[in-house]
Structures are given as C-alpha cells and as structure tokens.
**Q** 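My questions all concern the structure below.
What you see below is based on every heavy atom in this structure, not just the backbone, and it leaves out hydrogens, waters and symmetry mates. Along the sequence shown, residues carry numbers from 1. Counting starts at 1 for both ligands and their atoms, following the listed order.
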Amino acid sequence: MTNENFPAEIIVALDCLTGEESLRLAEDLGPGLSWVKVGLELFTREGPSIVRTLKAEGYHVFLDLKFHDIPATVSGAVRAAGETGADLVNVHAAGGEAMLRSACDARPPHARVIAVTVLTSERAGGEVVVERALLARECGLDGVVCAAAEAAAVKRACGAGFLCVTPGIRPAGGARDDQARVATPAEAAAGGADLLVVGRAITRAPDPRAVFERMQEEIREV
Ligand code: C5P
C-alpha cells in the first residue's frame, strides 16, 4: 500500500532545537537519515536559511508551516516555501476548497503540497479526515497529514498513490506528550503510511540514533 514514489520512511521533526543543534542532531542520526522536518518553532527562530542549509547537507526537507489563510496569501506562501528548496510543503485543509486550489496552482515544480486534515493532538479524527482528504485530492494536492490509524481509510478513498504523512508516532509504551491519536512505527507502516513524522521520541531520547535505527528496523520488518 506504500506510495510508489516514497517508500515508508521516517521524517525526523527538528523541533525545540536551534539551527546549530538541529544540524548536529541530523548528523548524529547517521547516514540512514534522509528526511527532516522544519516546523513552526525552528522556522520562526532561524528563517528560510535553515531549509537551504539542510538541503545543502543533502536532506529532503518537509516544511511544516500549515498555511491557513485567504487563497492569495496561501498561494504566495506556497511559492515562497518552494523557493527555499523544500521538498514537501503543507497547508491546512480547514482553509477550504478555494484555498486548497490556490495552494495547488502555486505548487513549485520540485515540491509536493499536502494538506493537514485534523491535528493528531485532537481526539476526533474519523470521517472528517477522509472528507478533507477527498477534498484535498479533488483540489489537486498530493496527499495529507493524518493519524496513522486513518491512513488505510485515506488510501482506500483517495488511492494508493495519495501520500499519507503521519505524526503522532511513539514507540510501544512511549509517552504520548500532547498527542491524542498515536501509533507505533510498525502500526503506521502496516496501515499504509508513507512518511512517519517522529519528533520527541527521537529528539529527547538519551540515545537518539539508537531509537531512530530501532524504528527504521521496525518499519522494514512490516
Ligand atoms: O514530538 P512529536 O513526535 O509529537 O512531533 C510531531 C510533529 O509533527 C510536531 O512537529 C508537530 O508540529 C507535527 N504535526 C503533528 N500533527 C499534525 C501535523 C504536524 O503533530 N497533524
């Protein structure tokens, strides 16, 4: 069920870190690290240069800024996100059809644009997630961010090639923190998730590389 263009992979969320710390962490995770995520915290602190630096280091970058504004503003923001070299950019599906269509029209040639359905920190996902995923597909977007447990339903509704990016990933028995809809890496990969976003379970671990490698192993065994 994995998207043919993206084998199931881990994206490490470089949250709660400075630019320097995030580059060090990425390096410490070793050669198996291909994808990193720059979110609101890191982007607000460091600006677009952190995306350019990570790209120059050879990483694929998911720029997770969840644009949600009027259509003209969102299309400008998506275009600007593309100028940083980011490979994956997102908007919030709650922005509605016109906003999603403008995001799609502004899609940079080298990047994919996906839509956040319902935040994984919110309890209720369910039908709204599939409805928003269908809307995003209709508007021409490349996929969605959803909880791992919703990936299978999204793939059934939108097709195997529709990208499912799933945050809320925790090792079995790991702390949920502020996330409500969580899954282990194996559960997410088995459900059809293409890219698994993992932040604190790796970034706050005493040995981040060991956790990262264990999670990669877990995915490979599915
Ligand atoms: O630390 P943790 O693994 O919970 O981090 C999850 C990351 O994924 C955070 O950077 C958060 O902003 C992001 N995210 C999310 N839920 C979404 C979209 C993005 O948790 N729906």
**Q** For Thr73, enumerate each residue passing the side chain to side chain contact (heavy atoms under 4.5 Å, CB included) test, keeping only those at least two apart in sequence or located in another chain.
**A** Asp69, Ile70
**Q** Only counting residues at least two apart or in another chain, list the ones meeting side chain to side chain donor-acceptor pair (under 3.5 Å) with Arg132.
**A** none
**Q** Verify side chain to side chain contact (heavy atoms under 4.5 Å, CB included) between Val118 and Arg181, making sure each step is shown before the conclusion.
**A** CA-CA 10 Å; Val118 175; Arg181 305 193 328 277; 3.9 Å; yes
**Q** Dump the pairs for me: ligand 1 N or O, protein N or O, distance under 3.5 Å, to 0.1 Å.
**A**
{"unit_1": "ligand 1", "atom_1": "1 (O)", "unit_2": "Arg200", "atom_2": "N", "d": "2.7"}
{"unit_1": "ligand 1", "atom_1": "1 (O)", "unit_2": "Arg200", "atom_2": "NE", "d": "2.7"}
{"unit_1": "ligand 1", "atom_1": "3 (O)", "unit_2": "Arg170", "atom_2": "NH1", "d": "3.1"}
{"unit_1": "ligand 1", "atom_1": "3 (O)", "unit_2": "Gly199", "atom_2": "N", "d": "2.8"}
{"unit_1": "ligand 1", "atom_1": "4 (O)", "unit_2": "Arg170", "atom_2": "NH1", "d": "3.3"}
{"unit_1": "ligand 1", "atom_1": "4 (O)", "unit_2": "Arg170", "atom_2": "NH2", "d": "2.8"}
{"unit_1": "ligand 1", "atom_1": "4 (O)", "unit_2": "Gln179", "atom_2": "NE2", "d": "3.0"}
{"unit_1": "ligand 1", "atom_1": "4 (O)", "unit_2": "Arg200", "atom_2": "NH2", "d": "2.8"}
{"unit_1": "ligand 1", "atom_1": "10 (O)", "unit_2": "Asp15", "atom_2": "OD1", "d": "3.4"}
{"unit_1": "ligand 1", "atom_1": "10 (O)", "unit_2": "Asp15", "atom_2": "OD2", "d": "2.5"}
{"unit_1": "ligand 1", "atom_1": "10 (O)", "unit_2": "Lys37", "atom_2": "NZ", "d": "2.6"}
{"unit_1": "ligand 1", "atom_1": "16 (N)", "unit_2": "Thr120", "atom_2": "OG1", "d": "2.9"}
{"unit_1": "ligand 1", "atom_1": "20 (O)", "unit_2": "Thr120", "atom_2": "OG1", "d": "3.3"}
{"unit_1": "ligand 1", "atom_1": "20 (O)", "unit_2": "Gln179", "atom_2": "NE2", "d": "2.8"}

**Q** Under the salt bridge (charged side-chain N to carboxylate O under 4.0 Å, His left out) rule, what pairs show up with a residue in residues 16-44, not counting sequence neighbours?
**A** Glu20-Arg24, Lys37-Asp64
**Q** Check for me, please, whether Val38 and Val165 land in the same ILVMFWY cluster - side-chain distances under 4.5 Å, paths through other members count.
**A** no
**Q** Test Leu42 against Asp15 for side chain to side chain contact (heavy atoms under 4.5 Å, CB included), laying out the working first.
**A** CA-CA 6 Å; Leu42 185 57; Asp15 298 327; 5.8 Å; no
